[in-house]
**Student:** 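I am attaching a structure below and will ask some questions about it afterwards.
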There are 2 protein chains.
Amino acid sequence: MTVVWQCQEVNQTAAPAGAARQGSLRELNLALVLGRIAAADRPPSRAALAAETGLTRATVSAVVEDLVAGRLVTEAAPTPRAGAGRPARGLVLAGDGPAGLGLEINVDYLAACVVDLAGEVRHHTVHRADLRPVAPADALGRLARLAAQARAHAEAQGLSLAGAALGVPGLVDDTGQVRLAPNLGWRDVPVPELLAGHPPLTETVDGVPALVVDNEANLAALGELHAGGGPGSFLHISGEVGIGAGIVLDGALFRGTRGWSGEIGHIPVRPDGPPCRCGGRGCLERYAGQEAILSAAGLVGAELPADTAPNRLAELAEAGEPAVLHALHEAGTAIGVTVASVVNLLDLDTVVLGGGYAPLIPWLRPPMLAEIERRVLTAAWSPVTVRPAALGATAAAVGAAGSVVRRIIARPAGWLTRF
Amino acid sequence: MTVVWQCQEVNQTAAPAGAARQGSLRELNLALVLGRIAAADRPPSRAALAAETGLTRATVSAVVEDLVAGRLVTEAAPTPRAGAGRPARGLVLAGDGPAGLGLEINVDYLAACVVDLAGEVRHHTVHRADLRPVAPADALGRLARLAAQARAHAEAQGLSLAGAALGVPGLVDDTGQVRLAPNLGWRDVPVPELLAGHPPLTETVDGVPALVVDNEANLAALGELHAGGGPGSFLHISGEVGIGAGIVLDGALFRGTRGWSGEIGHIPVRPDGPPCRCGGRGCLERYAGQEAILSAAGLVGAELPADTAPNRLAELAEAGEPAVLHALHEAGTAIGVTVASVVNLLDLDTVVLGGGYAPLIPWLRPPMLAEIERRVLTAAWSPVTVRPAALGATAAAVGAAGSVVRRIIARPAGWLTRF
DNA sequence: CGCTATTTGTTCAGTGGTTGAATTAAATGA
DNA sequence: TCATTTAATTCAACCACTGAACAAATAGCG
């Protein structure tokens, strides 16, 4: 069985692109009701859903019946209510329905996780290893084993995997091929082909799960969107070995024409600055990339593993080490200049710092804000918030798994037709 | 009668945000069919529409009947077809139905135009005057007179104005207030209030036309989208006295959280460069704004009107004037650095130069492309195209009018309920 | 304890809108 | 002239939502 390829684009709207046929109405309302159930903080009743969506209670009942039959929703203890009346039956996302498999390949670890419809992380494994010397096929083989374990754990909990998403620190084209992953040393790696021999990733209990390959920073941003409260617009910057960014606009990831958006690490900060291996000069990565910070802090020979470097820097900064403080100030300034560009261009009001930047926020934020306030034209009316990411280092894996379940929630009809 | 305020956001999709009720189906299909008629290059028949949309011919007939009754579509000579068979009846956008009124206030002119459903400019006036010394209320009064003339011309041609949009060179908030228009010297100007006393802008033949106030660069980008071929994604840079940009993603204008996107003029090019009046340093406007180019070319005392300066620069460049060539090279380099940032961030493949930049393209493009190729990570796989805008100096007015008719095409149900 | 008020959820006839097949309309070509 | 072909309309069937009536389940009150 071959990998069935699925378009990267997560169609956030349930609206039919083409003809609106009769069933479209039901598709739309399935998505509407399921979306409200997912967004509610307490199990809503059918009557409450009818009131807030504007549908009739009759319609909501019919829609909910479909959702329950498709194992997307189950009944639970309702929100207690004062006064008389027949007690409501609360509706919650099913904890034993479809789930998403999230995978991540990074420079120094592999990760797999399973997220259920409600967004709970039901399984999570990280396998630490330096993957730079490992051949892509080999690395993907290890990943497939991790995925097989994850599937076993999911099934043991009564979950069926509805799909998988894989985050890679590089540029992915729309056929799933990794065109360039500089920090891994990958170039033109046909991920779907290489995974085709590993059944756990190519089939699930009922049918065929699609595998989506995407940029790691994009998926991390989705994870943040998922974990960090309501839908909004923000820029999520992950400071790993490289610097990537995910742009979330109105609760949807913005991927660009070819899915290569967010390459913030190579935005020029000083056009005549030091040369970067991308061919340009003075790119952000030269000022705020992990290597740049470490070398500016005089820690270049310290031989720190990539995953502990940020914490080490935070310790030294805490201790008042002048070189480290200076390096972080410079990095924060460079990030601030870049963010000012982004905000002037896109009019965003929130910047989330994730990955290795999270522990360094106390030192990065002040110079960032200073630059932003100076340079953003609209800063006076709408201050820009800089906050740490809600998820930790493996945000991309969680975001990947979340993207699978979010797609089901956004377009439940696709899942329901499997029954 | 007061100005009825309408949300700036042009909802590109006809999908209902809330409940999908029965009528939603028809709304969706009205939009679908009308959209195809608008996008077709030759009058399609009902049968052809059925084939390409996937709807039944019966449904298409019913939908078309509604559209014809609402004066959005008329029958025309069909596309000739070889062979036997009953001849088709071609469908085209009505030339005598609703039309859009586009208005523009800029530093040295006022403009008004009327665009019909098919996108034809049916009326166009430009009133040249330096508006910097004029009070906002007075300027808007003159604009209202221009609008009244435009309405008279539209009605004489059998058109009904369905709405109006006004482009302003500054930041507009979501109540229509101009928060800041630096080059006009406006600050916190309540445009809708000031226009409320001018009936031509507050009522039309059948009901109330909404007035939308938007950034001039945004509307110019919409005009370009409208005139420049199929829907795509591009960055439209207008070099007027300031530098503004409109971002079009997948055929839709991207406005940002508050509608203040595209402030490209204040993206830092050299963070330690000369101070800018925005409070930052080394902004793009300091290198590629009209004043910056003129002064770098040694023409600072030449007292050129803003509208003739670009052509004068082109003449001098054509003649090989070294200072001018140098100034344009510097400007092109700065624009290129900025565009590289934008492309790295958004993954766009097309940059359109409009406004005063259009005549200077031969000199601006080479340095731009050089910077883009050096600095854009994905330039090797997807070259970035730099091309001149299809519309001239008053693109914003045409784009404003076009945005009105495009909204009708995107959501015809709203118009049809007027009958 | 029983009755009423109240709210939830379901049932059912009615309706809008799409579907698919049959029918009518209008041309070409032998 | 007539068969062929394609376009457009008509009509019964069907799907999904609507609105009202009804059944279910509880709290409050005498």
Side-chain angles (χ1 to χ4, degrees), chain A residues 14-16 18-33 37 42-69 73 75-91 412-413 416-417, chain B residues 14 16 18-33 37 42-69 73-91 412-413 416-417:
Chain A
R21 37 195 81 268
Q22 304 187 171
S24 311
L25 220 48
R26 178 50 68 92
E27 282 180 28
L28 245 24
N29 285 331
L30 283 166
L32 178 68
V33 170
I37 294 175
R42 288 197 282 195
S45 67
R46 293 166 174 76
L49 289 169
E52 64 177 305
T53 61
L55 293 168
T56 348
R57 283 177 313 192
T59 304
V60 171
S61 281
V63 166
V64 166
E65 192 179 14
D66 283 6
L67 293 173
V68 170
V73 164
E75 298 201 338
T79 313
R81 175 180 40 76
R86 169 175 169 175
R89 279 184 279 164
L91 298 168
L416 295 179
T417 51
Chain B
R21 39 196 80 265
Q22 305 187 184
S24 313
L25 219 49
R26 178 49 67 93
E27 281 180 30
L28 245 24
N29 286 331
L30 283 166
L32 177 67
V33 169
I37 294 175
R42 288 195 283 197
S45 66
R46 292 166 175 76
L49 289 169
E52 65 177 303
T53 59
L55 293 168
T56 358
R57 283 175 309 185
T59 304
V60 172
S61 281
V63 166
V64 166
E65 193 178 13
D66 281 7
L67 292 173
V68 170
V73 164
T74 48
E75 298 201 338
T79 313
R81 175 179 41 75
R86 169 176 170 175
R89 279 184 280 164
L91 298 168
L416 294 179
T417 51

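Every chain is numbered from 1 and lettered A, B, ... according to where its sequence line falls, protein lines coming before strand lines. What you are looking at is a predicted structure, and each value in this text was computed from that prediction instead of being measured.
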**Student:** Name the closest nucleotide to the A:A84 side chain, picking from C:dA5, C:dA26, D:dA8.
**Tutor:**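 Closest nucleotide among those given: C:dA5.
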**Student:** Consider the side chain of A:R46, meaning its heavy atoms from C-beta on, and name the nucleotide among D:dA25, C:dT15, C:dG9 that approaches it most closely.
**Tutor:**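 The listed nucleotide nearest to A:R46's side chain is C:dG9.
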**Student:** Across the strands shown, which category fits A:A47 at heavy-atom distances under 4.0 angstrom: base, sugar-phosphate, nothing?
**Tutor:**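 A:A47: backbone/sugar contact only, no base atoms under 4.0 Å.
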**Student:** Within the pair B:R57 and D:dA7, is there a side-chain N or O less than 4.0 Å away from OP1 or OP2?
**Tutor:**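 Checking D:dA7 against B:R57, no side-chain N or O comes under 4.0 Å of OP1 or OP2.
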**Student:** The side chain of A:T59 is closest to which nucleotide in this list: C:dT28, C:dT18, D:dC17?
**Tutor:**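 Output: D:dC17.
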**Student:** Provide, to the nearest angstrom, the distance between the CD atom belonging to B:E65 and the P atom belonging to C:dG16.
**Tutor:**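 Going from B:E65 (CD) to C:dG16 (P), I get 15 Å.
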**Student:** Is it the case that the base of D:dT6 and the side chain of B:R86 share a donor-acceptor contact (distance under 3.5 Å, atom types as modelled)?
**Tutor:**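 No, the side chain and the base share no sub-3.5 Å donor-acceptor pair.
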**Student:** Looking at C:dG17, does its base get a donor-acceptor pair with the side chain of A:Q22 below 3.5 Å?
**Tutor:**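 Result: at least one qualifying N/O pair found.
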**Student:** Between C:dT8, D:dT18, C:dT18, spot the one nearest the side chain of A:R21, thanks.
**Tutor:**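 From the listed options, C:dT18 comes nearest.
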**Student:** Could you tell me whether the phosphate oxygens of C:dG9, OP1 or OP2, come under 4.0 Å of any side-chain nitrogen or oxygen in A:S45?
**Tutor:**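 A:S45 to C:dG9 OP1/OP2: side-chain N or O found under 4.0 Å.
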**Student:** Counting heavy atoms from C-beta on, name the nucleotide in D:dA20, D:dA16, D:dC15 closest to the side chain of A:A58.
**Tutor:**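 Minimum distance to the A:A58 side chain belongs to D:dA20.
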**Student:** Does a side-chain N or O from B:N29 land closer than 4.0 Å to OP1 or OP2 of C:dG17, or not?
**Tutor:**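 No, no such contact exists.
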**Student:** Figure out the CG/P separation between A:L28 and C:dT18, and round it to whole Å.
**Tutor:**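 Going from CG in A:L28 over to P in C:dT18 covers 14 Å.
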